[in-house]
Amino acid sequence: MIDKRVASLREAIAGIKSGAAVMIGGFGSSGIPFELIEALRLHGADDLTVISNNAGSHEIGIATLLRDRLVRKVVCTYPRSQGSVWFEKLYEEGAIELELMPQGTFAERMRAAGAGLGGFFTPTGYGTKLAEGKETREIDGVGYVLEPPLKADVALIKAHKGDKWGNLAYNTAGRNFNPVMAMAADMTIAEVEHIVELGELDPESVATPGIFVDRVVAQEGIV
Amino acid sequence: MIDKRVASLREAIAGIKSGAAVMIGGFGSSGIPFELIEALRLHGADDLTVISNNAGSHEIGIATLLRDRLVRKVVCTYPRSQGSVWFEKLYEEGAIELELMPQGTFAERMRAAGAGLGGFFTPTGYGTKLAEGKETREIDGVGYVLEPPLKADVALIKAHKGDKWGNLAYNTAGRNFNPVMAMAADMTIAEVEHIVELGELDPESVATPGIFVDRVVAQEGIV
Amino acid sequence: MTRLEPPQMAERLAQDIPDGSYVNLGIGMPVMVANYVPEGREVIYHSENGILGVGPTPEPGTEDPDLINAAKQYVTLIKGGCYFDTADSFAMMRGGHLDIAVLGGFQVSADGNLANWATDNEKYPPAVGGAMDLSVGAKTVYVLMRHTTKAGEPKILDACTYPLTGTGVVSRIYTDLAVLEITDEGPRVVELFGDNSFEDVQAVTGTRLLPPA
Amino acid sequence: MTRLEPPQMAERLAQDIPDGSYVNLGIGMPVMVANYVPEGREVIYHSENGILGVGPTPEPGTEDPDLINAAKQYVTLIKGGCYFDTADSFAMMRGGHLDIAVLGGFQVSADGNLANWATDNEKYPPAVGGAMDLSVGAKTVYVLMRHTTKAGEPKILDACTYPLTGTGVVSRIYTDLAVLEITDEGPRVVELFGDNSFEDVQAVTGTRLLPPA
């Protein structure tokens, strides 16, 4: 029997260790697993590496992990959103490490990890500061940068609907980084608005097949 | 106004030149643009490079292009299907060139072309005959082969439904190589079972966004 | 000297968006371009978070919390639009499928290098987002920016002093003073606004310009 | 000597497919394994043409012409199954997400190399399909093949003589005579069928075997 549903957010994030690399889906406020993030904050693990497009803003989501000083390093593309005061404060203090990369490279590195590739040549960033120290190559007159896969121990993702096999469907632009992160982590935990019966999801619009998901939890309304 | 519909198969394949590299979607008999292939056969272009998973079987589809000796080279993963008599005959005669690669490498090379990547390292084929002459590299103890992107002049693909902007939805496993081919060719021509009104396709299950498609044609029942 | 305001700058650029284009509008001034594309032209807007067919701002109360654009503003989806994930969205960008990207700029060099993601302030945390991917990926890159900084320093230069976004990527620059095209010989003025003279514009530019052909 | 027939070989292997596994069954003998997985185990079958949750053969007259498996036979989709394109399907395979791939084999070497896609007949056109991706990608690769060729030649060898599919990829070999596990020290016999002795099996094997532990 395959049943990936877990009964609570606490159970959903059980086992995440201090020092873990944690991918967190979402873009801006869209497709963010806010409840899993809150559960992670209460869970007690620290020294985390957070891999997410943004670095949180105001006093919600990833910003609360930063505020509580649970994060050692942020891997992202755009840490400086409006209201990203906690990131800015810690950065100024030198209390947080930042690995910055172009957004397409970020997504593609995670896809490469999920797809078992050893790396890829991208034209993005060639000739810029973000390619410094990286292997480059000219192919047919175009400059490319070699980028390695980007993996994580855990991915916290957010979907609209999920079933007990872990199949996920998203709402509009809430998809964003969630499907690639689901592929790229050793353990993928999905927060969903609705758990539905097996067979209820249209097999043509399952954007994350269950094989990539380890745990599915319904929102509890905690944030 | 964006209207990619064309009125006939003949118009759909207009402009394909002798010597062109033509991707053809489908796997086995699933998701194959049979009518576009027939139109291409009647069109008159020869010396073609056909890029497709299989090399046709019996007297239908790609096999008819081979039979009429319109194809100089086949790029594929599995030319030897049941009944692939024309491919076998031409191969034995030395009348056709074959470039063979693993199926995942084939799909990924087309995706790389569509995604603007310069190449990727894959573990598939490492240490085998299909990696001979290719650049290899060991990364974290695993052997990888560097594979370049695979482009084409034209892609002939098959979808279930399409609209005038070229958005496509597929039927069950008819998707297969069609979406990556749509990305990887300079001109993508889609044969669809049904042309539907704009907005009729579910925006969550458009597997090929219209941006990748140049022409859409409804089946005429010619094969 | 004639200096267009941002809406007028956006309006001028919008005239050069052809019917049937697939377009990505960067955060800031570029998003204003959508308001001025001449009627009768069908343009499909892409947003890098996974939307093709971005529509106007929703009516208050009808916002879909997940449906935002790259600037994190609520948007809608037009009929014929669709959704995809970020990897697919950047494949679309990097793979050369978008016709036009309109980007803001800190600096543009004579040979079309763009700097628009970081200044030389080391203390301020850098952020890059999708700018680099757009600059190398779109078939045509238009930069929409003021001709000079607030302090009057030129932004069109022999070489950028700020960190680069992409090299040799810019086709045209639409400023508050003029429209310039990057050619193999350097930037050429193709249009002067109001009564601006070539010399006026040259005087506030940090590289030698070519006069209108 | 006891020689299992293909259905019995498939049945034996099926006992080692755990509940909850994601499994890809290769063309030929491997697809028979699905018929023998013990009741009560939920196993999800993957087909490389873009299906997760492959179900049984459809009732005559209900076939969906697009819904075929990798062997190009009509199949169905089970409740909870889904579809994707080939690039995603092979990402799934290559990325190590499948628990088990069951493949046929021409030859397996003592160190787990697999040859199953081409012989040394140069005139016959080669075909590889998804075999190489499966062999490197699945967490565990089981090979299901007869112990010897029809001519009685050993297929388990010091080194493969046919072109390789993958190197060091095989975990276990299920033959008509025995079950063998590839260990760091070489192939170990873990089960002998019927009254087969270790010596019987060693006699038709082209490399030194380790006896059951």
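Order of the sequence lines fixes the chain letters, A, B, ..., with proteins taken first and strands second; residue numbering starts at 1 for each chain.
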Exercise. Closest approach of D:Asn69 and B:Phe27, non-hydrogen atoms and distance?
Worked result: O-CE2, 3.7 Å
Problem set entry | Engaged part of B:Met110 at the chain D interface, taking heavy atoms whose separation is under 4.5 Å | neither
Exercise. To the nearest 0.5 Å, what is the distance between CZ (D:Phe90) and CD (B:Glu108)?
Worked result: 11.0 Å
Exercise. Can you say whether D:Ile51 sits under 4.5 Å from chain B via the side chain, the backbone, both, or neither, judging by heavy atoms?
Worked result: side chain
Exercise. In terms of heavy-atom proximity below 4.5 Å to chain B, should D:Pro163 be classed as side chain, backbone, both, or neither?
Worked result: side chain
For this session: Please look at D:Asn49 and chain B and tell me whether the side chain, the backbone, both or neither of the residue comes under 4.5 angstrom of a heavy atom of that chain.
Result: both
Problem set entry | B:Asn54 versus chain D, the contacting section by heavy-atom distance below 4.5 Å | side chain
Exercise. D:Ile68 and B:Gly28: which non-hydrogen atoms are nearest, and at how many Å?
Worked result: CD1-CA, 4.3 Å
For this session: Would you give the length of the straight line joining atom CD of B:Gln103 to atom CG of D:Asp133, rounded to the nearest 0.5 angstrom?
Result: 7.5 Å
Problem set entry | Largest heavy-atom contact set with chain D, pairs under 4.5 Å, which of B:Ile32, B:Leu130, B:Val180 | B:Leu130
Exercise. Which heavy atom of D:Gly166 sits nearest a heavy atom of B:Thr128, and at what distance?
Worked result: N-CG2, 4.3 Å
Problem set entry | Those residues that, when tested against D:Ala127, pass side chain to side chain contact (heavy atoms under 4.5 Å, CB included) (two or more places apart) | B:Tyr78, B:Pro79, B:Arg80
Problem set entry | Taking every non-hydrogen atom, the tightest pair across D:Pro126 and B:Leu98 | CD-CD2, 3.8 Å
Exercise. Where the side chain of D:Asp85 meets the backbone of B:Pro179, is there a donor-acceptor pair that is under 3.5 Å apart?
Worked result: no
Exercise. Can any side-chain N or O of D:Thr86 pair as donor or acceptor with the backbone N or O of B:Ala107 at less than 3.5 Å?
Worked result: no
For this session: Could you tell me the separation between the OH atom of D:Tyr74 and the OG atom of B:Ser29, rounded to the nearest 0.5 Å?
Result: 5.0 Å
Exercise. Contact part of B:Phe87 toward chain D, heavy-atom cut-off under 4.5 Å: side chain, backbone, both or neither?
Worked result: side chain
Exercise. What's the spacing between D:Arg94 CZ and B:Thr124 OG1 if we round to 0.5 Å?
Worked result: 5.0 Å
For this session: Would you please go through residues 165-176 of chain B and name the residues with a non-hydrogen atom below 4.5 Å from one of chain D, in numerical order?
Result: B:Asn171, B:Thr172, B:Ala173, B:Gly174, B:Arg175, B:Asn176
